[in-house]
Amino acid sequence: MTDRIPQVLTIAGTDSGGGAGVMADLKTFQMRHVFGTAVVVAVTAQNTVGVQNFVSLSETMVHDQFKALADDFTIKACKTGMLADAEHVRFVVHNLKKYHFGPLIVDPVMIAKGGAQLLADDAISVVKQALLPLATLITPNIPEAERLSGQTIKNRSDMQQAAQKLKQLGAKNVLIKGGHLASQAAADYVLLADGRSLWLETPRFETKNTHGTGDTISACIVAELAKGYDLLTALKTAKQFIYASIANPIEVGHGHGPLNLWAYTDGYQEENDEI
Ligand SMILES: Nc1ncnc2c1ncn2[C@@H]1O[C@H](COP(=O)(O)OP(=O)(O)O)[C@@H](O)[C@H]1O
Ligand SMILES: Cc1ncc(COP(=O)(O)OP(=O)(O)O)c(N)n1
């Protein structure tokens, strides 16, 4: 029997507040009409104000989750998010080499909006040496791209230079998200495997409710790839999806609220009905 619904995977940490991490990924997968599964690497006690605590899962639990999914599902595309520390990055790399889960999007989550460190310093070199070479696409924000490329990023030209460096580290395609840059536009830089490059740009919407933007855009890219769209189309859809989710805010919690994942409509359902 054919699997009619594309199945996808997120490998990340949970957010008890529901706005980021595994929760944001699964909600995005649902909104984009793919079936979401998850390998939980860490559990955070978190809300819109910040991360209060977190614990990472044992090696056995990480391996067993991968095996449970590989035994039963046909995963078409996957992503990584919060991986906690060097040890857990290695556990994840081991499983990504062992099983075939399709294109891998690496969202190299390091610091949460409230300042909590979600990836230990000693993990950065393991991410660069072991995880990046497996990535179909890496999606760092500005501070993450600075850390991985070893250069400061103050403007668009710096983003372009840093993207080249990330490609040299082994990521096939690079998306540097520009949300943290002081500019009127929300401009992200894309460097593709074949050398083509482009800017994905929307207006910047003034709001404090941007919790989970990085998770959501990478999860949307995973969903679009799993449905069979090419990377450039997936990136363009994800950029529109994230803009609509930010620009039509909902009020949840007292800090940096989550996104409105209901806001984007693209007629996917109507297209699907015709099949
Ligand atoms: N205020 C905003 N208005 C519009 N788009 C935004 C805004 N903030 C972030 N974005 C977009 O959301 C996506 C994720 O952004 P970014 O904040 O850079 O990543 P992260 O959440 O990983 O820190 C990017 O496409 C970025 O351009
Ligand atoms: C469990 C977990 N994973 C990732 C993040 C960071 O998410 P991000 O999309 O970068 O959003 P902000 O933290 O910047 O709001 C997280 N907070 N928790």
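Nothing fancy with the numbering, it's 1 onward along the sequence. Indexing begins at 1, ligand by ligand and atom by atom, following the structure's order. These figures come from a predicted structure and were not determined experimentally.
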- Report yes if the side chains of Leu181 and Met159 come closer than 4.5 Å at any heavy-atom pair, otherwise no. yes

- Do Ile138 and Pro108 have side-chain heavy atoms sitting under 4.5 Å apart? yes

- Is the shortest N/O to N/O distance between Thr207 and ligand 1 below 3.5 Å? no

- Message: Considering only residues two or more places apart or on different chains, which pairs with a residue in residues 128-137 satisfy side chain to side chain donor-acceptor pair (under 3.5 Å)?
- Response: none

- For the residue pair Trp199 and Tyr189, does the interplanar ring angle fall in the parallel (under 30°), tilted (30 to 60°) or perpendicular (over 60°) class? tilted

Under 4.0 Å to a heavy atom of [X] - the qualifying atoms of ligand 1, by number:
X: Ile217; answer: 25 (O)
X: Asn141; answer: 18 (O), 19 (O), 20 (P), 22 (O), 23 (O)
X: Gly214; answer: 20 (P), 21 (O), 22 (O)
X: Phe205; answer: 1 (N), 2 (C), 3 (N), 4 (C)

- Query: Between Lys177 and Asp107, is a salt bridge (Lys or Arg N to Asp or Glu O under 4.0 Å) present by the stated rule, with each step listed?
  - Reply: CA-CA 11 Å; Lys177 300 169 295 188; Asp107 186 19; 3.2 Å; yes

- Message: Looking at ligand 1, would Pro203 count as a contact under a 4.0 Å heavy-atom criterion?
- Response: yes

- Task: Under the side-chain contact (heavy atoms from CB on, under 4.5 Å) rule, what do Leu83 and Val127 come out as? Steps first, then yes or no, please.
- Result: CA-CA 10 Å; Leu83 298 180; Val127 167; 5.5 Å; no

Atom pairs and distances, side-chain donor-acceptor, residues 141-151, under 3.5 Å, sequence neighbours left out:
from	atom 1	to	atom 2	distance (Å)
Asn141	OD1	Glu144	N	2.9
Glu144	OE1	Asn141	N	2.9
Glu144	OE2	Met110	N	3.3
Glu146	OE2	Ile153	N	2.7
Arg147	NH1	Asp121	OD1	3.3
Ser149	OG	Ala145	O	2.7
Ser149	OG	Gln151	N	3.4
Gln151	OE1	Lys165	NZ	2.9
Gln151	NE2	Asp158	O	3.3

For [atom], what is the closest protein heavy atom, and at what distance to 0.1 Å?
atom: atom 24 (C) of ligand 1; result: Asp188 OD2, 3.3 Å
atom: atom 21 (O) of ligand 1; result: Thr213 OG1, 2.6 Å
atom: atom 22 (O) of ligand 1; result: Lys177 NZ, 2.8 Å
atom: atom 7 (C) of ligand 1; result: Ile246 CD1, 3.7 Å

- Nearest to atom 5 (N) of ligand 1 by heavy atom, Pro143, Ala186, Ala112, Gly179: which? Ala186

- Task: Name the option, out of Val109, Leu259, Ile242, that contains the heavy atom nearest to atom 12 (O) of ligand 1.
- Result: Ile242

Under 3.5 Å, which donor-acceptor pairs do the side chains of residues 53-62 form with other protein atoms, sequence neighbours left out?
from	atom 1	to	atom 2	distance (Å)
Ser58	OG	Met61	N	3.1
Glu59	OE2	His63	NE2	3.1

- Message: Can you tell me which portion of Lys239 lies within the under-4.0 Å heavy-atom range of ligand 1? Options are side chain, backbone, both, or neither.
- Response: side chain

Show me the short polar-atom pairs for ligand 2: any N or O of it lying under 3.5 Å from a protein N or O, with distances only.
from	atom 1	to	atom 2	distance (Å)
ligand 2	7 (O)	Asp215	OD2	2.8
ligand 2	9 (O)	Gly214	N	3.0
ligand 2	9 (O)	Asp215	N	3.0
ligand 2	9 (O)	Asp215	OD2	2.9
ligand 2	11 (O)	Gly212	N	3.1
ligand 2	13 (O)	Lys113	N	3.1
ligand 2	14 (O)	Lys113	NZ	2.7
ligand 2	15 (O)	Lys113	NZ	3.1
ligand 2	15 (O)	His211	ND1	2.8
ligand 2	15 (O)	Gly212	N	3.3
ligand 2	17 (N)	Gln46	OE1	2.8
ligand 2	18 (N)	Gln46	NE2	3.1

